[in-house]
Amino acid sequence: MPDDDLRRTILNMLQGVEHPREKAVDVMYLLQRQYGYLCDEALVVGAELLGMTPLELEELATFYDFIYRRPVGKYVIHVCDGVVCWMHHEDDIFRHLCARLGVRPGETTADGLFTVLPTVCIGDCDKAPAMLVNGRFYGPLTPGRVDEILETLRSGDEERVLCP
Amino acid sequence: MPLKPDFEPVLFKNRRGDRPATFDEYRQGGGYEALLATVGKKSPEEVVRMVTAAGLTGRGGAGFPTGRKWAGVPASAPYPRYVQPNTDEMEPGTFKDRILVNADPHLVIEGIILCAYAVKAQRGIFFIRPSYESDAQLIERELAVARAAGFLGSGILGSDFSFELSVHRSAGRYICGEATAQVNAIQGLRPNPVKAPGAHLTEAGLWGRPTVVNNVETLASVPHILTRGPEWYKSLAATPTGDGTKLYCVSGKVARPGCYELPMGTRLSDIIYEHAGGMLPGGTFKACLPGGASTAFMPETLFDIPMDFPSLKAVGHHLGTASMIVFDKNTCLLAATINIIRFFVRESCGWCTPCREGLPVILDILERIEAGEAGEADVAWLETMTRQLHHAYCAFAPGAAAPIEGLLRHFRDEVMDHLDGRGCPFGAPELADKPGAWHLPKGGRP
Amino acid sequence: MSRKPEEASCRLTIDGREIVVAADTPVIDAAERLGIMIPRFCYHPALGAVGACRMCAVKFLDGPVKGLQMSCMVGARDGMVVSTTNPEAVDFRRQVVEWLMANHPHDCPVCDEGGHCLLQDETISGGHALRRYRGPKRTYRDQDLGPFVAHEMNRCIHCYRCARFYQEVAGGRDYGVLSIARRTYFGRYEGGRLESPFAGNIIDLCPTGTLTDKPSRYRARRWDLERGPSVCLHCSLGCGLTVGARYREVMKLEARLNPEVNGHFICDRGRYGFGYESRPDRPRQPRVDGRETIAGAALAALAEGLKPFEAGKVAMVGGTRSNLETLAALLGLCRDQGWRPPVFFRDARLAGAAESAAAALSGDLVASLADVGRADVILVVCADPLAEAPMLALSLRRAARRGAAVLVLDHRPCDLPCEAERLTFAPQELAGCLSRLAHAALRGRKEAAAYLSSLPLPPDLLPETALALDTWGKRLAEARFPLVVCGTDQAEPTLPALAGGLARLLAGSHDQDRRAGFLPLLPGPNGLAAALAGGGDLEALLADIEDGRATALLVVESDLLSRTPEPERWLAALRKLKLLAVCDHLPSPLLEAAHVVLPSRTVFEAGGHFVNQEGRLQRAMPVFSPGLPMGRTLREGHPPRLFMSCAPGSEPRPAADWLKDLAGLLGAGGRAGDWADLAAAFPGLPGLAAGPAPENGRRCLPETAPGADAPSVAKTGSPDVPPDHLQVLLVERTFGTEELSCRAPLLAASAPEPWVDLAAADAGKAGLAHGAWLLVPLPGGPLRARLRVHQDMAPGLLLLPRDPRLLWQRLAGTGVLVELLRLHAITAEEEPAGEDTTLEAEP
């Protein structure tokens with residue numbers, strides 16, 4: 001169950017809002033942050049707080065790609081596979097990243113730290129090839145730079161621009 | 001054609017490169033003067049008239065005249081009314097809104113407030129894509145500053161004009177950039193586009209109320225138009241058909257990819273060679289997508305075209321978001337097209353048949369051509385299906401059709417070279433072996 | 001979407017033929033009127049145009065719109081020239097089908113939709129035969145959507161009809177659209193029964209085999225079915241049905257379009273309420289004194305048995321589920337033989353309410369279900385639409401979605417699939433509240449003076465309640481098309497007359513082009529005809545039997561023992577009868593007590609006419625001949641090795657025929673029983689004289705009501721309820737209580753667990769929680785049921801559904817009170833395990 005703080009945060013957010021559904025994405029983000037991903041329990045709680053049915057919230061949750069309905073790692077690595085990054089050998093970067101982490105696209109490392117997801121153009125084309133990890137852009141990438149970034153993330157030093 | 005010697009950036013006036021301009025810096029540069037000179041001093045109708053006179057066109061991709069859009073809110077329309085600054089920016093190759101918001105957030109905020117004043121809106125909802133989370137946080141910080149300064153909230157500058165502006169975080173998906181889909185998204189509905197004959201968002205948008213959806217670059221031009229006048233703004237353009245300045249994104253195989261503010265109508269060749277540093281060493285220009293992934297490949301023959309909406313339209317192309325994705329002669333454009341169609345297949349909202357079912361079939365054919373498994377009949381079928389994408393529900397599938405059409409129109413031979421077991425003439429199925437971005441010579445980037 | 005006062009018409013040309021239609025009519029509809037069926041998947045007249053499938057593309061050659069366009073999305077305009085056969089349009093449509101078929105599993109041989117599949121039809125007619133797509137097909141996992149709807153997502157072509165109906169039309173919130181792009185999925189959050197009582201319509205709407213009828217799965221192809229138009233008997237609305245039968249049993253029912261009644265849809269009670277026609281315990285053989293016999297012998301025995309009786313001691317009980325032919329024969333028999341007037345209603349209150357509703361109805365005032373969707377202010381008095389007439393709830397939702405304001409005045413926690421204001425009052429207060437509202441609506445109207453002075457005094461009301469009633473009164477007075485709905489199941493006898501009177505005066509206040517409407521709900525599919533026929537009530541008859549004033553009883557298609565709250569008293573009374581004859585197709589304990597049993601045919605076998613609550617005469621066609629279902633004879637092994645000219649179990653005859661033959665034997669002489677006789681039996685329905693019903697029925701009410709201007713209103717007093725006592729009220733539910741459908745095996749097996757309702761204030765006083773198991777001390781013994789607690793329900797009541805699975809007949813009388821504090825929740829250990837709580841359908 002979400003802790004009382006989160007419940008209060010969500011209820012405060014919905015306080016006096018004329019159309020609570022407007023906050024559906026924000027509520028899903030909050031729950032996702034607490035649970036690590038939008039698990040079934042989180043979705044049902046979110047729907048209840050929003051006055052929606054689980055189906056109605058699921059209709060939204062399954063539409064969006066930044067709502068994770070399956071478990072993800074602490075760091076979700078969104079590798080841009082837009083055409084600009086593709087031109088700059090994004091696929092090699094992607095292969096390198098997967099090989100280094102020992103996962104396939106969409107999988108999470110055994111230590112629960114990283115999930116690798118191919119993602120539509122993230123809007124960092126002037127630094128292609130690029131990727132996005134928990135709200136921060138990294139680019140231009142080289143295999144060596146990818147290794148450095150993984151090290152920094154592992155050490156936990158990286159300042160996170162949290163997803164909301 | 002070099003820039004006029006007196007050209008100075010307008011939208012990027014306060015761009016610093018290392019950090020966003022602060023409220024004070026913005027004010028020192030004349031920021032919020034337009035608002036001070038407008039609220040309570042000019043009528044909303046006057047603002048609409050000036051924006052119309054300036055010929056400001058929408059920078060989100062469609063190029064619709066902004067003044068006309070604002071005038072579409074009927075005088076008798078009910079309240080509350082909404083302004084919806086669109087920072088979804090998910091067109092591949094496009095990053096100008098991110099650069100703009102990061103350079104000068106208050107310019108954008110002032111533009112939004114002026115728009116709200118013009119259409120008598122009470123609430124603004126800043127729609128921001130999830131990968132721009134840092135920008136969302138920046139905007140939220142700066143909104144608080146603007147509010148503290150009395151530029152937002154109730155009774156702005158002592159007038160009876162009240163306006164609240166907040167951020168709506170999206171959770172992704174390209175289709176959310178489409179105005180009607182975005183209206184659904186904000187209301188917590190599935191973001192499918194909505195088309196009803198005779199229905200306009202300016203009459204019935206968010207919660208059935210008048211809603212003006214504008215790209216943030218468009219809105220950022222408004223303070224300058226109001227301060228320095230429509231004539232001045234028009235004169236900024238390089239062509240008589242253009243208006244003001246434009247943020248051009250350049251990416252791909254150029255030496256200095258980036259976002260450049262230039263007179264609207266600057267020639268493609270100038271943008272690439274004068275500003276983006278020319279092609280990467282060893283590369284030769286082959287083609288470019290002039291306005292993101294949903295525009296058609298433009299060949300070398302159009303290298304000198306002025307980059308504004310009417311000029312491109314005249315030769316059957318679209319300026320779109322003016323985000324030039326530049327390809328060199330070593331890149332297989334068919335493979336590039338496959339990458340782009342994969343994007344469209346994945347991002348289709350699933351509403352109509354051509355988009356949901358047609359694009360995957362098209363992708364399958366493209367992949368078969370690339371793999372050498374296809375023949376001429378397949379190319380003919382591909383061409384037919386691509387034409388038929390234009391009868392889809394919204395502009396998404398026609399956008400997906402554009403690169404294929406450009407490919408078949410200007411680079412047909414390259415496609416035919418793949419047929420009947422030959423496969424990709426560029427070698428590897430995806431991309432030829434050539435220097436990658438990480439082999440850039442020193443100083444290759446700004 | 002308000003209609004313009006004058007709808008402009010326009011002339012357009014489609015495939016070289018001109019047609020004049022109202023401007024903005026979708027071109028796809030205009031073409032259909034010319035007999036040109038433009039292919040379509042997502043478009044449906046009841047759902048509107050959304051342009052999703054792109055299948056209805058046509059070429060606009062000239063006029064205000066040009067080029068290839070979707071004919072559903074373009075409204076007709078003057079001068080349009082449209083080609084449906086233009087090569088560009090044909091090619092595009094062929095391509096759309098090819099795209100849709102790219103992922104289709106091509107499993108037509110095992111698909112129940114095969115043979116009536118729109119996707120098959122459009123694939124063939126669209127000319128797509130050669131498959132060019134060579135890639136892999138998408139596959140989905142299906143969900144269990146409950147007992148009625150089978151789900152096969154791989155067949156889906158994503159037309160969105162199901163989700164649009166479910167959410168927009170029916171207001172359901174548990175089925176919708178999930179995921180995105182080519183993975184788009186139609187389903188629920190997780191597997192489970194679809195909650196909407198209108199869910200079955202998605203089967204009819206689905207243009208493919210994605211959503212099919214689960215009970216009839218793999219049992220018949222469309223072309224195997226004997227099909228025919230029929231009328232739903234599960235409430236008084238008379239929705240149109242298409243019956244599909246095979247092997248002497250009904251396989252499935254589908255909605256039949258009747259624009260003024262149900263439109264394209266029906267409720268699940270109507271769709272799955274069949275099956276009583278093939279029950280193993282259905283009476284199929286005539287019986288005399290418990291011995292099976294043949295028809296002639298049974299009739300002769302009955303006629304012979306009736307002869308010694310004094311005419312005044314012979315009573316007849318009829319049912320409102322009988323067809324008009326049966327009711328006419330029954331009325332004729334009573335009249336010709338001089339027997340007591342027939343009895344149709346369970347008690348005097350219901351008979352009074354039905355009669356007062358019928359008397360208030362007239363052609364100029366009555367509203368159809370379609371009218372409900374056109375009204376802008378709707379007052380619902382003493383009716384629980386979802387329980388008593390589910391399709392009314394759908395029409396209310398349609399009205400609300402078009403902006404109508406809906407007020408429900410009732411004592412029950414009426415659940416509605418739309419926005420509505422609820423004001424709750426005790427049943428006996430409703431007339432007074434209506435009076436307050438009527439005073440506000442008709443204030444200062446001279447012609448209303450007589451009506452207003454006849455109204456009872458309003459009860460003491462809270463200021464905000466009084467204000468709300470006044471506001472709604474004004475709203476009704478100012479409405480463009482005000483409509484009053486009034487139930488009869490729970491109403492005081494005078495209430496429908498008051499409601500009808502209000503509607504009549506609201507109509508009078510309007511200009512020529514304005515109108516008002518009155519829609520009463522009546523007990524049973526032929527409740528209006530029965531109410532117009534008048535007669536006594538069962539309570540009075542029971543007393544007469546007990547006192548020996550009635551000694552012979554003929555019961556025709558009325559389920560009196562399982563519908564009475566006093567079964568023991570009835571059983572004792574029946575034993576006093578010298579002759580009891582029963583003519584029915586439902587099994588009941590009454591049959592065991594009967595001296596003569598005459599098995600009748602169901603509506604599926606006999607057909608017949610029914611007059612719904614708006615006086616609309618409608619006809620059900622006989623769809624198949626009665627007989628033991630083949631499935632049953634085969635399950636017992638080989639089909640019977642008998643050579644007979646008729647099928648086994650085919651003895652049941654239409655009840656009307658039994659009665660007419662009986663009349664012949666009794667020497668009524670010469671009555672041919674033709675249509676003129678039938679019409680003459682119901683002088684209150686003058687329209688019957690015009691003959692049998694046309695396809696969509698015909699209104700038969702007189703144009704004005706005889707007693708319309710001065711409703712005779714007797715003031716009602718409130719029952720004496722001591723403090724801290726609850727009045728037990730028997731109520732209807734969507735599923736499980738209606739007379740016929742509670743005998744339907746499909747619904748009986750799947751109806752939600754029955755529950756009792758209590759107002760939150762009462763539950764609080766007794767310390768009872770929502771969802772608790774409750775022990776209710778009733779005179780006939782304790783009753784256990786799950787409790788539901790409601791905020792929006794009148795206090796002082798305990799609502800008990802007439803669900804045979806509950807032991808509600810332990811009520812052992814009417815007007816029963818229970819002490820609030822004697823209700824108590826039972827502990828987990830005491831919680832019954834299944835059969836303890838429920839009673840088998842037949843005692």
Side-chain angles (χ1 to χ4, degrees), chain A residues 1-2 14 17-25 27-29 31-32 35 37-72 76 78 80-83 104-107 117-122, chain C residues 50 52 138-146 149 151 153 156 158-199 202 211 397 401 415-419 770-771 791-792:
Chain A
M1 288 303 287
L14 297 172
V17 171
E18 195 184 350
H19 310 282
R21 281 184 85 123
E22 185 189 340
K23 299 288 176 197
V25 168
V27 170
M28 288 193 284
Y29 275 144
L31 288 160
Q32 176 164 287
Y35 284 83
Y37 71 107
L38 193 72
C39 59
D40 289 356
E41 182 187 304
L43 185 127
V44 169
V45 169
E48 179 216 316
L49 293 170
L50 284 159
M52 296 164 77
T53 63
L55 176 271
E56 286 167 340
L57 195 57
E58 183 81 317
E59 285 189 317
L60 302 180
T62 54
F63 190 93
Y64 293 117
D65 53 347
F66 277 70
I67 300 297
Y68 314 127
R69 282 288 279 120
R70 283 168 207 281
V72 289
V76 181
H78 287 276
C80 177
D81 64 2
V83 63
R104 285 175 300 179
E107 288 182 351
L117 291 177
T119 302
V120 298
C121 178
I122 55 175
Chain C
V50 290
R138 156 187 69 210
T139 53
Y140 291 108
R141 283 192 196 159
D142 301 322
Q143 283 181 326
D144 177 3
L145 298 179
V149 184
H151 195 220
M153 262 308 290
C156 181
H158 304 82
C159 70
Y160 287 80
R161 275 188 190 181
C162 57
R164 287 166 58 218
F165 168 82
Y166 201 87
Q167 298 189 347
E168 295 171 19
V169 177
R173 299 179 68 186
D174 61 314
Y175 178 91
V177 192
L178 301 167
S179 198
I180 184 175
R182 55 177 156 176
R183 301 187 314 279
T184 304
Y185 186 90
F186 296 88
R188 282 168 49 88
Y189 171 65
E190 54 192 355
R193 182 182 175 151
L194 292 168
E195 288 165 13
S196 169
F198 307 101
I202 62 178
L211 301 165
R397 179 172 168 84
R401 273 164 50 81
D415 196 14
L416 277 179
C418 65
E419 279 193 25
H770 187 88
Q791 296 292 342
D792 55 348

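Just so it is clear, the model here is predicted, and its values are computed rather than measured. A, B, ... follow the sequence lines: proteins, then strands. Residue 1 opens every chain.
Between A:Y64 and C:I180, the closest side-chain pair of non-hydrogen atoms is not below 4.5 Å. Residues C:L178 and A:L55 meet the side-chain proximity criterion, which asks for heavy atoms closer than 4.5 Å.
Residue contact with chain A, scored on non-hydrogen atoms closer than 4.5 Å, involves the backbone of C:R188 exclusively. Looking at C:E190, neither its backbone nor its side chain comes within 4.5 Å of chain A, counting heavy atoms on both sides. Contacts of A:L43 with chain C are made by side-chain atoms alone, with heavy-atom separations under 4.5 Å and no backbone atom involved. Contacts between A:D65 and chain C at a heavy-atom distance below 4.5 Å are absent for every atom of the residue. Looking at C:Y175, only its backbone comes within 4.5 Å of chain A, counting heavy atoms on both sides.
When all heavy atoms are compared, the tightest approach of C:R173 to A:M52 is NH2-CA, 3.5 Å.
Other residues, nucleotides and ligands contribute more than 12 heavy atoms inside 6.0 Å of the CD atom of C:E168.
Between the CG atom of A:D40 and the OH atom of C:Y189 there is a distance of 3.5 Å, given to the nearest 0.5 Å.
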